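Please read all numbers here as calculations on a predicted model, not as lab measurements. For the numbers below, each heavy atom of this structure counts, side chains included, while hydrogens, waters and symmetry mates do not.
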Amino acid sequence: MTGRRPRVLVTRPEPGASRTAAALGEAGIEAIICPFTESVDLPVKDATIAEAGRSAAAAVTSAKALTHAPPALVDAVRAMPVFAVGDATARAAREAGMVDVRSADGDAIALAELVGHAIPADAPVAYLCGRVRTGELERRLSETGRKVTLIETYTIQKVSHLTDKITDALKCADLDGMLLHSGMSARLLADALEATGRQQLLENTTLFLISERAGEPLERLAQASIVAAPAPRDDALVETVRRHFSS
């Protein structure tokens, strides 16, 4: 790495990938964008939208749940309190025209606690989410008997020819690190390297994870050097990368 800036692969999908790459660039780190996944709209039934409109509040764990939501669903929850997992999701909610937006500035556990303290235990909640998720929020919200309406507005799927893209990047891009924003991306990386028998390609590449939980699929890769962000946010992950290469 002598004589050049650290070089990392950003594997999250757009539009987030470009924001992460820009933040890394400001920190003096060269970022190569190579999304492992892409998000796709899911249909939402009219009856589900009507049920969402009868909720006391809405919960959102991803900005994508809002950007993929049909306009009728956004209109149905616009006037109610909207609880977001973090500031980026809260910002997306405000951009969608929602006024009473509250950020947990944390993870699904923090969001469940925020909702629990803010509205009565018998008040129903509409949860806008993706099909691929941990399930932590709905489990915690339902533990007290609260009715939770799950509204899946999008799903995540891997991009085509991903195994070739991963191995080519590790062989040819002279990478110092790789950012993994989800457990799915970590699993796809592990699957690709196991399928090709190329685990040794990680010998000089540090894997930066959005959380320790996201790294569970990487336990199969004994050669991997792993560093997790202290909080499950993109800014915390970028700061983790910066500090790693500054030390």
Side-chain angles (χ1 to χ4, degrees), residues 10 12-13 15-24 26-27 39 55-69 74 77-121 123-130 132-144 146 148 150-151 153-154 156 179-186 208-216 227-244:
V10 176
R12 69 186 302 198
S18 291
R19 291 195 298 268
T20 300
L24 289 166
E26 292 177 359
S39 56
S55 299
V60 191
T61 48
S62 167
K64 288 184 181 299
L66 293 167
T67 56
H68 285 278
V74 174
V77 302
R78 193 188 307 275
M80 62 183 64
V82 176
F83 297 90
V85 69
D87 292 344
T89 304
R91 184 165 54 251
R94 294 186 183 99
E95 290 173 353
M98 298 168 187
V99 178
D100 186 1
V101 181
R102 313 175 197 184
S103 171
D105 191 25
D107 54 13
I109 297 174
L111 180 56
E113 291 177 352
L114 178 62
V115 173
H117 291 148
I119 61 175
V125 172
Y127 175 23
L128 281 64
C129 57
V132 179
R133 61 185 184 278
T134 65
E136 186 73 29
L137 181 63
E138 62 258 41
R139 182 181 69 79
R140 288 181 175 267
L141 289 177
S142 299
E143 282 178 346
T144 59
R146 185 190 301 279
V148 179
L150 293 177
I151 309 174
T153 65
Y154 73 101
I156 298 292
L179 279 67
L180 299 168
H181 279 74
S182 68
M184 182 176 181
S185 293
F208 297 97
L209 304 174
I210 193 73
S211 68
E212 290 186 2
R213 182 172 184 172
E216 291 176 1
V227 179
R233 305 189 313 269
D234 184 60
D235 62 332
L237 181 57
V238 170
E239 177 63 12
T240 298
V241 177
R242 186 195 67 78
R243 289 188 176 184
H244 177 84

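Atom CG of Asp100 and atom CZ of Arg78 lie 14.0 Å apart (nearest 0.5 Å). Atoms CG and CD1, on Leu114 and Ile109 in that order, are 14.0 Å from each other to the nearest 0.5 Å. How far CZ of Arg213 is from OG1 of Thr134: 5.0 Å, rounded to the nearest 0.5 Å. Taken to the nearest 0.5 Å, the CG atom of Leu237 stands 8.0 Å off from the CG atom of Leu24. The distance from atom CZ of Arg102 to atom NE2 of His117, rounded to the nearest 0.5 Å, is 13.0 Å.
A donor-acceptor pair under 3.5 Å links the side-chain atoms of Arg146 to the main chain of Pro120, judged by distance alone.
Ser211 approaches Pro232 most closely through the heavy-atom pair CB-CB, 4.5 Å. The shortest non-hydrogen separation linking Ser39 to His68 is OG-NE2, 2.8 Å. Taking all atoms of both residues into account, the shortest heavy-atom contact from Asp107 to Ala110 is OD1-N, 3.0 Å. Here the shortest heavy-atom pairing between Ile151 and Ala126 reads CD1-CB, 4.1 Å. Heavy-atom minimum distance, Leu150 versus Cys129: CD2-SG, 4.5 Å. In plain terms, the two heavy atoms of Asp87 and Ser103 that are nearest each other are OD1-OG, 2.8 Å.
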Margin query: Apply side chain to side chain contact (heavy atoms under 4.5 Å, CB included) to residues Thr153 and Lys64 and explain how you reach the verdict.
Written below: CA-CA 8 Å; Thr153 65; Lys64 288 184 181 299; over 6 Å; no
Notebook entry, point to check: Given the rule in the side chain to side chain contact (heavy atoms under 4.5 Å, CB included) test, do Leu180 and Ile210 qualify, once you have shown the distances and angles that lead to the verdict?
Noted result: CA-CA 6 Å; Leu180 299 168; Ile210 193 73; over 6 Å; no
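A heavy-atom distance below 4.5 Å is not found between the side chains of Arg91 and Val101. Between Leu179 and Arg12 there is no side-chain heavy-atom pair separated by less than 4.5 Å. Looking at Pro230 and Thr240, their side chains come closer than 4.5 Å, going by heavy atoms from C-beta outward. Side-chain contact between Arg94 and Val82 is absent, with no heavy-atom pair separated by less than 4.5 Å. Taking 4.5 Å as the limit, every side-chain heavy atom of Ser62 sits out of range of all side-chain heavy atoms of Arg133. In this structure the side chain of Phe83 never reaches within 4.5 angstrom of the side chain of Val125, judged on heavy atoms.
Heavy-atom neighbours of Glu143 CD from other residues, nucleotides or ligands within 6.0 Å: above the threshold of 12. Within 6.0 Å of CZ in Arg243 there are 12 or fewer heavy atoms belonging to other residues, nucleotides or ligands.
Ser142 pairs by the side chain to side chain donor-acceptor pair (under 3.5 Å) definition with nothing, not counting sequence neighbours. For Thr61, the side chain to side chain donor-acceptor pair (under 3.5 Å) test picks out Tyr127, with sequence neighbours left out. Checked against ring-ring contact (aromatic ring centres under 6.0 Å, His included), Phe208 has the following partners two or more places apart in sequence or in another chain: His244, Phe245.
A salt bridge links Arg242 with Glu239: at least one charged nitrogen is closer than 4.0 Å to a carboxylate oxygen.
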